[in-house]
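Note that this is a predicted model, so its numbers are computed, not measured.
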Amino acid sequence: MKDVLSKVLDFASGKFGAEYVEARAQRLFRTMLTLKEGRVEAARQGLENGTALRVLVKGAWGFASVGSLDSKVLVEAVSDACKMAEAASSRLKTPLKLAEAKSIEDKVTLKPRKDPSKVSIEDKIDTNLSLNEAIMSFDSHVKSCTIDYLDLTGTSYFMNSDGSYIEQGKLYVWARAVATAVEGDVLTFSREEIGSTSGYEVFDVQTPESVGKMVAERAVGQLKAKKPKGGTFPAVLTPNFVGVFVHEAFGHLAEADLTLSGSVLGDKLGKKVGSDFVTFYDDGTVKGAFGSYKYDDEGVPAQKTLLVKNGVVAGLMHNRETAQKFGAKPTGNARAEDFHVEPIIRMRNTFIEPRDHSLEEMFEGIKFGYYLKSFRGGQANLDGTFQVGVQEAYEIVNGEVGKPVRNASISGNTLETLLKVDAVGEDFELWPGRCGKGQTAFTCDGGAHTRVKEVLVGGSA
Amino acid sequence: MVALKQEKLLSTAESAVKSALKKGAAEAEAYVVESCSTMVGIERGQIAKSSRVVDQGLGVRAIVNKTVGFSYTNMLDDKKALEEAVEKAVSAARASKPDKDWPGFPVERSFPSVKGGFDKRIVELRADDLVEIAGLILDSAEATDKRVIPVEGGVSASYGCGAVANSNGVAGFDSGTVIDCGLATVGNDAGEVTPVCYELNTERSYDIDPEWVGREAARLAASSLKAKKVETKCITVIFVQTALQELLSFTLINAVKADYVQRNQSALKGKIGERVASELVSVYDDGLLEGGLRTGKFDGEGVPHQRTPLIMKGVLRGFIYDNYTAKKEGKESTGNATRGGYWSTPSLEANNFHVVSGSKSNDALVDEVNEGLIVYLLQGAHSSNPASGDFSVVGAPAWKIEKGEIAYAVKGAMVSGNVFELLRNVSGLSDMERQVGALVSPWVRVENVKVIGK
């Protein structure tokens with residue numbers, strides 16, 4: 001592959017005078033399953049080859065994607081990309097530049113204990129059938145269960161005109177179980193995901209039985225739940241919930257492309273935006289975590305990036321283009337879902353750093369509030385307004401966890417809310433998820449139990 | 001753009017079907033697609049990138065003893081890869097579990113003719129032409145208001161075609177074009193940042209208004225400045241199409257899918273013939289709508305598209321079906337099996353979800369509101385409960401309506417409720433329809449919606 005890519009790069013630099021050229025060739029193999037109440041809808045497997053070519057010509061980006069690894073096709077495609085960049089450059093006001101990045105030659109071979117590409121489809125079906133069984137047999141109120149399973153294995157061959165050549169294995173194992181429970185007119189919904197970059201052995205830790213029980217228990221528990229009161233209340237957030245809050249409410253604003261686009265963090269670098277308890281990281285190096293990798297899709301090593309230290313904004317997540325604009329170093333956050341798309345700034349494993357509050361201390365003194373246990377989606381806005389949906393929550397009454405509530409969500413302004421964080425626990429969990437920003441990225445979110453003095457809870461009661 | 005050939009696509013599909021039968025499949029189906037998309041992008045106030053994505057692939061479903069296997073590849077020019085894909089579909093079927101309800105693939109039915117799905121002018125657009133269109137968007141946004149940052153946007157021109165063939169004699173080919181332009185903006189004035197505003201224009205024929213897109217996106221951002229918080233209370237809410245599309249995608253559109261209904265995931269189960277919405281509300285799923293974004297001759301299984309009545313004057317009349325869910329009830333598919341791409345098996349989706357317009361102008365809809373909110377986009381619609389239709393989202397951008405006038409922008413207003421309650425409380429639909437994704441609708445006004453402010 002190295003010779004083919006090097007020929008393509010030389011052609012773009014030689015014939016079109018491209019300032020920067022990058023090729024990312026991939027072979028990707030996927031297995032996918034969908035089970036509905038234990039019925040296997042279709043066992044699916046497939047193979048794709050393709051190459052993404054990205055060039056910088058006269059300060060503008062050109063990009064081409066083709067489903068091929070053939071040098072003739074790639075030379076044509078890179079010419080296309082250069083011509084596209086030239087066309088775009090005609091109205092450019094400020095030519096784009098890239099921050100320096102060390103050139104790297106490396107071959108990253110993954111060593112899973114259980115390589116998903118070597119596990120038979122029969123075994124994968126059986127694993128997912130036991131997950132289904134754990135859910136459907138939990139309680140007669142559970143009426144439906146959909147399980148989606150995906151594993152992706154393959155290799156990325158990355159080369160750029162700065163002299164990097166990286167062969168990197170890719171491995172993802174993911175499953176999602178969704179259940180509904182019904183009682184009279186009440187319909188509840190519960191979802192959980194499993195995700196790992198270590199291998200199929202993730203199912204030995206997160207067993208189908210334990211995950212299935214969690215999903216079913218929640219669907220049934222929510223049947224007795226009441227609607228939340230709308231208004232401002234104190235809240236205790238679990239690692240699962242606070243992770244999504246950190247990701248949505250702060251993380252997206254600290255993606256440097258969005259910061260540059262006018263997010264409220266634009267002028268906040270080095271400034272205090274949260275209470276002293278608030279320290280956030282985005283870490284691409286957590287072993288086996290769903291958001292981890294060795295090199296990003298610009299060939300920059302992943303790292304542990306400090307975003308907020310004791311309430312003060314300490315850094316942003318960069319690609320090479322935004323790092324240049326900020327005079328910062330690239331942080332290895334440039335990710336592309338596959339060869340069909342270009343790399344953009346994405347989070348990896350994002351979390352709030354644990355402190356030393358016990359769970360009892362956090363509940364103490366709350367007369368009425370909410371214990372937000374598990375999220376259902378969330379979304380950020382550049383003005384700092386966040387929304388996180390709730391799939392499992394409880395009332396807190398006089399310092400004790402009380403009755404379940406359903407279909408709540410929380411919202412507020414990030415900068416106001418971070419100042420209201422007044423306790424962070426000593427525990428730590430990371431939960432796998434998927435983030436959408438035009439493309440899908442596999443991520444983890446998490447941290448420690450966190451208390452917020454007050455947050456807006458949306459409810460219909 | 002590359003020219004894509006009907007004969008080649010159809011013959012690739014047909015030979016994959018034959019090959020699967022030869023390899024031991026009892027039934028087989030193949031889907032082949034090719035697409036080419038050219039894009040010019042606006043980033044932070046300038047045109048800074050352009051891309052071309054050429055994609056193609058084959059997806060094969062093979063049935064062995066009522067067991068379904070599927071495989072795909074994107075290497076259409078590689079005979080060996082195609083054979084391997086067929087092989088893997090058959091072996092996946094052998095490895096999987098039988099489905100006693102498997103009804104067989106659809107049988108051949110004649111395809112309708114559709115209008116307005118293809119425009120040669122879109123195929124002929126080059127990057128230079130798209131740069132010019134993107135320039136119009138940008139210029140008109142900048143000329144509208146200096147306090148507005150054109151954050152992200154651009155224009156894309158796409159051409160795609162697909163063929164479906166199966167062992168029951170279904171053989172179809174269809175092609176289409178789409179041109180899409182849009183701009184996301186943020187207003188920024190003296191430290192005040194607005195939520196992201198967005199305007200777009202997507203058409204099947206080369207008939208877009210990029211200047212309107214730029215102007216409108218900038219106008220929304222500029223008028224989102226000086227936002228205030230609102231009180232918590234139940235008021236009237238007008239949902240603009242862009243907001244309605246987000247809300248319905250995660251609630252009502254799922255609730256009319258036969259799969260959701262049959263599997264106890266829809267609050268509409270067992271309610272055919274019952275009143276489920278205000279009598280002002282009529283909804284079709286229309287795969288034949290002229291110029292509709294999801295209009296085409298047939299669906300992902302080769303079943304002809306049709307116009308399916310779902311809610312007529314507030315009464316629930318029907319659901320949408322693919323072949324599997326239809327046969328389960330002894331019915332015919334409504335042509336709603338959708339392919340995400342060559343890598344996916346068909347799934348049940350709406351084609352053009354058409355909420356029929358009313359008789360009032362947009363302005364008249366606002367005039368009649370004493371106290372209300374007009375919402376353009378929602379934050380967090382995907383966190384709705386897809387089974388019950390309960391939602392709790394942020395309306396942003398949104399404006400307060402007082403005594404028939406749009407009074408001021410609001411910030412952080414949550415809108416909470418249940419989509420079926422919302423449908424019953426519809427008090428007006430405007431006479432201006434537009435399409436946003438799978439939704440074609442007018443503005444929709446709803447009474448007594450819980451808005452949570454401070």
Side chain, backbone, both or neither of [X] within contact of chain A (heavy atoms, under 4.5 Å):
X        : answer
B:Asp55  : side chain
B:Ile42  : neither
B:Ala387 : both
B:Glu43  : side chain
B:Val53  : both
B:Leu138 : side chain
B:Ser224 : neither
B:Lys229 : side chain
B:Asp259 : side chain
B:Ser266 : backbone

For [X], which atoms come within 4.5 Å of any heavy atom of chain B: side chain, backbone, both, or neither?
X        : result
A:Thr180 : side chain
A:Ile125 : side chain
A:Ala81  : neither
A:Leu456 : both
A:Ile410 : backbone
A:Lys124 : neither
A:Asn49  : both

Should [X] and [Y] count as an ion pair when the cut-off is N to O under 4.0 Å?
X        : Y        : value
B:Lys411 : A:Glu416 : no
A:Asp126 : B:Lys97  : yes
A:Glu41  : B:Arg263 : no
A:Arg91  : B:Asp139 : yes

Do you know the tightest heavy-atom contact between [X] and [Y]?
X        : Y        : value
B:Asp128 : A:Ala87  : OD1-CB, 3.3 Å
A:Gly230 : B:Lys450 : N-NZ, 4.4 Å
A:Leu382 : B:Val186 : CD1-CG2, 3.5 Å
A:Asn381 : B:Val196 : OD1-N, 2.7 Å
A:Ser144 : B:Gln265 : OG-NE2, 2.7 Å
A:Gly262 : B:Ile149 : CA-CD1, 4.2 Å

To the nearest 0.5 Å, tell me how far [X] [atom1] sits from [Y] [atom2].
X        : Y        : atom1 : atom2 : result
A:Asn407 : B:Phe391 : CG    : CZ    : 11.0 Å
A:Leu187 : B:Asp390 : CG    : CG    : 9.0 Å
B:Trp343 : A:Arg30  : CH2   : CZ    : 8.5 Å
A:Ile121 : B:Arg94  : CD1   : CZ    : 12.5 Å
A:Ser68  : B:Leu76  : OG    : CG    : 11.5 Å
B:Glu132 : A:Ser90  : CD    : OG    : 9.5 Å

Pick from [options]: which one has the most heavy-atom pairs with chain A under 4.5 Å?
options                                : answer
B:Pro195, B:Gly69, B:Ser96             : B:Pro195
B:Ala267, B:Ala127, B:Gly191, B:Pro386 : B:Pro386
B:Ala85, B:Ala381, B:Gly412, B:Ala92   : B:Ala92
B:Thr73, B:Val40, B:Asp99              : B:Asp99

A:Met32/B:Ser344 under side chain to side chain contact (heavy atoms under 4.5 Å, CB included): CA gap, chis, key distance, verdict: CA-CA 9 Å; A:Met32 296 171 280; B:Ser344 76; over 6 Å; no
Of A:Gln387, A:Arg376, A:Gln391, the residue whose pairing with B:Ser383 passes side-chain hydrogen bond (donor to acceptor under 3.5 Å, both in side chains):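 Answer to the side-chain hydrogen bond (donor to acceptor under 3.5 Å, both in side chains) test with B:Ser383 among A:Gln387, A:Arg376, A:Gln391: A:Gln387.
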Is [X] reaching over with its side chain to a backbone N or O of [Y], donor-acceptor style, under 3.5 angstrom?
X        : Y        : result
B:Gln46  : A:Thr94  : yes
B:Gln379 : A:Thr385 : yes
A:Glu48  : B:Asn74  : no
A:Ser409 : B:Ser392 : yes
B:Arg52  : A:Ala77  : no
B:Ser50  : A:Gly62  : no

Take atom [atom1] of [X] as the centre, draw a 6.0 Å sphere, and report whether it contains more than 12 heavy atoms from other residues, nucleotides or ligands.
X        : atom1 : value
B:Lys328 : NZ    : yes
A:Glu76  : CD    : no
B:Glu231 : CD    : no

If you count heavy-atom pairs under 4.5 Å with chain B, which of [options] comes out on top?
options                               : value
A:Gly266, A:Ala52, A:Gly378           : A:Gly378
A:Gln45, A:Glu122, A:Lys143           : A:Gln45
A:Ala380, A:Gly412, A:Pro95, A:Gly436 : A:Ala380
A:Leu56, A:Asp257, A:Thr34            : A:Asp257
A:Gly384, A:Ser89, A:Ser263, A:Ala64  : A:Ala64

Minimum side-chain heavy-atom gap B:Gln262-A:Lys36 below 4.5 Å: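 With C-beta onward as the side chain, the pair stays apart.
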Pair B:Ser51, A:Glu342: side-chain N/O donor-acceptor within cut-off below 3.5 Å: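 No - no donor-acceptor pair under 3.5 Å links their side chains.
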Flag for A:Arg406-B:Ser388: side-chain donor and acceptor within less than 3.5 Å: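 Absent: no donor and acceptor within the cut-off.
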Working for side chain to side chain contact (heavy atoms under 4.5 Å, CB included), residues B:Thr38 and A:Met84: CA-CA 9 Å; B:Thr38 307; A:Met84 304 289 296; 3.4 Å; yes
